[in-house]
Amino acid sequence: MSLESLLNGLPFVEHLGIEIEAIEEGYARGRVELTPELSSVPGRKIAHGGVAYSLADTVGGASVMSLHYAPTPTIDMRIDYLAPGQNDLVAEAEVVRDGNSVAVAEIEIRDVEGTHVADARGVFKTGGGEGETAWGPGSPESTNGGTE
């Protein structure tokens, strides 16, 4: 199973409609269609802040997972909202620090029209707890290294 398939199949990711479009070493890109259910304003399409945050968290985690092929639980996430997202959102994440136990990713979110909606920085757990993951024993990464 590819990393993209694994992440796109996560229940919460599917529920929000997030799609991981690309994963390379230390980089990921994803998008979410701005449906009426994801709006914070009745009758208008304005992305709820939680949608942008969830997109940043998912894509940031994917960028770190591309280096470790294992779950990378979020330790901390900071987001700065810069403009309302009024169209589908696209996030790009790049790992800026990959340490022994944590990694840091910077995430930029724009809408498909190019409006800079938000910037985020996430800290993700990458080490410790040998043999244990957030996904439990028998998780996909423990059986094939996450590469199939």
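Just so you know, these numbers use all the heavy atoms, side chains as well, and skip hydrogens, waters and symmetry mates. Position 1 is the first residue of the sequence, and the numbers go up from there.
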Checklist entry - Arg29 and side chain to side chain donor-acceptor pair (under 3.5 Å): which partner among Glu24, Glu21, Glu92? => result Glu21
Checklist entry - Any side-chain donor paired with an acceptor under 3.5 Å for His116 and Asp111? => result no
Checklist entry - Distance only, no hydrogens: is a donor on one side chain within 3.5 Å (strictly under) of an acceptor on the other, for Glu37 and Thr35? => result yes
Are any of the side-chain heavy atoms of [X] and [Y] separated by less than 4.5 Å?
| X | Y | result |
| --- | --- | --- |
| His68 | Phe124 | no |
| Ser54 | Phe12 | yes |
| Ile18 | Leu7 | no |
| Leu34 | Leu89 | no |

Cluster overlap [X] with [Y], hydrophobic side-chain contacts below 4.5 Å:
| X | Y | result |
| --- | --- | --- |
| Tyr53 | Val123 | no |
| Leu67 | Val102 | no |
| Val90 | Tyr27 | no |

Next on the checklist: Checking Val96 now: which residues fulfil side chain to side chain contact (heavy atoms under 4.5 Å, CB included) with it, not counting sequence neighbours?
Outcome noted: Val104, Glu106, Arg121
Next on the checklist: Ala93: which residues meet the side chain to side chain contact (heavy atoms under 4.5 Å, CB included) condition with it, sequence neighbours left out?
Outcome noted: Val59, Ser63, Ile107
Checklist entry - Do Arg110 and Glu108 meet the salt-bridge criterion of a basic N to acidic O distance under 4.0 Å? => result yes
Item to check | Stepwise salt bridge (Lys or Arg N to Asp or Glu O under 4.0 Å) check, Asp80 with Arg78 | outcome: CA-CA 7 Å; Asp80 294 315; Arg78 175 195 162 78; 2.5 Å; yes
